[in-house]
Amino acid sequence: MSPAGPEARLLLAVGVGFVGLAAFPWLGSEFYVDLVVRLMILAIFAMSLDLLIGYTGLVSFGHAAFFGIAGYTLAMLTPAGAPADLVVALPAALLASALAAAVIGFLSLRTAGVGFIMITLAFAQMLYYFASESSALGGSDGLLILFRPELAVGGRSLVDLEDPTVFYYLVLACLAGVLLLLKGLVRAPFGRVIRAIRIDDRRTRALGFATRRYKLASFVIAGTLAGLAGFLEAAHGGYVSPGHLGWHQSGLVMMVVILGGMGTVYGPLLAAFAFGLLQDQVQDWTAYTGLAVGVFVIAVVLLLPRGLAGLVAGRSRQGGRLPP
Amino acid sequence: MDAAAFLVQLLNGVQSGFLLFLVASGLTLVFGIMGVINLAHGAFYMIGAYLAFWLTGLTGNLLLAVVIGVAALAVLGVVIERLAIGFLYRRDHLQQVLLTFGLILVLDDLQRLIWGSDFHSVPVPDLLSGSVALTTQQDYPVYRLFVSGVCILVALGMFALIRHTRLGMRIRAAAANREMASALGLDVGRLFTLVFALGVALAGFAGMVAAPIGAVYPGMGDRILILAFVIVVIGGIGSVKGAFAGAMLVGIADTFGRVLVPEVASMVMYAVMAAVLVWRPQGLFGRPA
């Protein structure tokens, strides 16, 4: 088989998947359209974390911070009794996430390894406790977002996100956009440098790259994309709460990345769908989802250290890592 | 704030610092000796508090509850190390984080399953329920002083164990060079099981003695774990001395933060952590990377 074989097949599979997703609203009931929206948002969130864990080698355990900040920004910008303006709210939310990522990243990147894991978690929990105790942010109940943002020109609504189908296609477009962006990014010279940093930070520095700056850039990009996911999640669910910022959120998305196989972008995308569906099923038959998910996580770590992707890639000659 | 009120807050801060030290030292020991980052450490603190509540209800005696509870937690530690943690020594931190995160989800739900989602309180033992007069107007509860005393004893005992006993020597040898220690005939696997059980018992013990001071509630372990992380980062990862300095700093800063700037109290210790990171990224007592 030619070297391009597996890559071409993967591309074909992802292409077919996207065609399927695009056709889905005509086939599925409203309930399932809703579910697929949530899965796609989780996929965007997971792919953004893969840029950090899988490509840059930065194990961030506070990724939900940027997810939640975007949601809170949307809630703050939504006036009482009217929708927010999409052209204002989306850039503002992304900017808020990017700024937070720049500050937290700047401080956290002073450490590495375990210290980095602990600090990113600590900063995310700081925001979690701040949101839970702040009355302006609604305390532990969070804030309601009664209207999804709208795109209006001169008082005429152009895009009505209240329509589930319209919202579905917006999320699908974001998913495709993030996938293309990340794929382009990891292929670009920037991507080669961050992958070199993951393998050996010191040598990359010795080659003349300011690795700290590359790591910070990667952290900010990942944080901004997590913000996009958080913005969509808050608009979709109609509320934002401290839970969006909390470490359960960070831990679950990290688990999706590992499950899918890190450093692949496609892997976390597929795992988000698989894991999201599984979680949805589990919620139907038990109130103790933590128990089920926890046992599942422990089993995956002990039995499948390279994730589900490792099962597939283990038989190929790719050495367990799919081509970028 | 007058002098007496200041003294009370200082005592509160020091007492909370001692408790935090017990938790953080277990975390830093397990990491320093075994190289494992254990997110479930806070969950063991919570289970300790619930055991104190449950066993005090059964036996009517906090001391007896603590003795039984610590033994039970040590056994739990041995079981978890044998079944799960033991497979992680040669894996990277990411996998340790995930597995212990899964452990938290399981332990949190088991706690809900067994004890429900209500808040509980544990009565202070009669013998220790009084208070002593600090000044003519200001009293201070005996139990809080007792907690500080017990924490000092446990910390000294741990120090003696690691520095001055044969077992401690073996543990230090295994931490310094696992292969060499095992080539010299030490059963490193068993030593690590013991260290992990010790860490679990320390976290649980802290949860038990803290139970009569605050409430016993679901998720109480999360907060303490984050505090322990902040402390370990401030003090320097793997350093017990650093854990002590960090715990005192965080305990006192947090207590005074609540009194002086209540609106932003929860942010104070993170500000301390950020300042330490900018000044000394490796922590107060950590070795430079």
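No experiment lies behind these values; they were computed from the predicted model shown.
- Applying the side-chain hydrogen bond (donor to acceptor under 3.5 Å, both in side chains) definition to pairs two or more places apart or across chains, those involving residues 215-240 of chain B are A:Glu133-B:Arg223, A:Trp247-B:Asp222.
- Atoms CD and CD1, on B:Gln95 and A:Ile258 in that order, are 7.0 Å from each other to the nearest 0.5 Å.
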>> If you apply the rule side chain to side chain contact (heavy atoms under 4.5 Å, CB included), what do you find for B:Ile226 with A:Met126, and how did you get there?
In response: CA-CA 9 Å; B:Ile226 305 301; A:Met126 170 183 90; over 6 Å; no

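- Highest contact tally toward chain B, considering only A:Val297, A:Val295, A:Leu252, A:Leu302, is held by A:Leu302 [criterion: heavy-atom pairs under 4.5 Å].
- Residue A:Val301 touches chain B through both its backbone and its side chain, counting heavy-atom pairs closer than 4.5 Å.
- The CG atom of B:Asp109 lies 6.0 Å from the OG1 atom of A:Thr289; values are rounded to the nearest 0.5 Å.
- Looking at B:Met273, only its side chain comes within 4.5 Å of chain A, counting heavy atoms on both sides.
- Scanning residues 106-114 of chain A against chain B with a 4.5 Å heavy-atom cutoff picks out A:Leu107, A:Arg110, A:Thr111, A:Val114, ordered by number.
- Around CZ of A:Arg213, the count of heavy atoms belonging to other residues, nucleotides or ligands within 6.0 Å does not exceed 12.
- Proximity of B:Leu39 to A:Phe61: side-chain heavy atoms (C-beta onward) are separated by under 4.5 Å at one or more points.
- Heavy atoms closer than 4.5 Å to chain B are found nowhere in A:Ser134, neither backbone nor side chain.
- Using a 4.5 Å cut-off between heavy atoms, A:Leu127 makes no contact with chain B at all.
- Within the 4.5 angstrom heavy-atom criterion, atoms from both the backbone and the side chain of B:Leu98 approach chain A.
- In this structure, chain B has a heavy atom under 4.5 Å from the side chain of A:Ile117, while its backbone stays farther away.
- Crowding of A:Tyr288 atom OH: a count of heavy atoms from other residues, nucleotides or ligands under 6.0 Å exceeding 12.
- Between A:Ile298 and the choices B:Leu83, B:Leu105, B:Leu99, the side-chain contact (heavy atoms from CB on, under 4.5 Å) rule is met once, by B:Leu99.
- No other option in B:Val233, B:Leu227, B:Leu107 has as many heavy-atom pairs under 4.5 Å with chain A as B:Val233.
- What you find for A:Ala122 and B:Tyr270 is that their closest heavy atoms are O-CE2, 3.2 Å.
- Atom CE of A:Met118 and atom CZ of B:Phe229 lie 4.5 Å apart (nearest 0.5 Å).
- In this structure, chain A has heavy atoms under 4.5 Å from both the backbone and the side chain of B:Val278.
- Taking B:Ile37, B:Thr100, B:Leu110, B:Leu113 one by one and counting their heavy-atom pairs under 4.5 Å with chain A, the maximum is reached by B:Leu113.
- The environment of B:Trp115 atom CH2 is dense: over 12 non-hydrogen atoms of other residues, nucleotides or ligands sit within 6.0 angstrom.
- Residues A:His248 and B:Phe101 approach most closely at O-CZ, 3.8 Å, considering heavy atoms.
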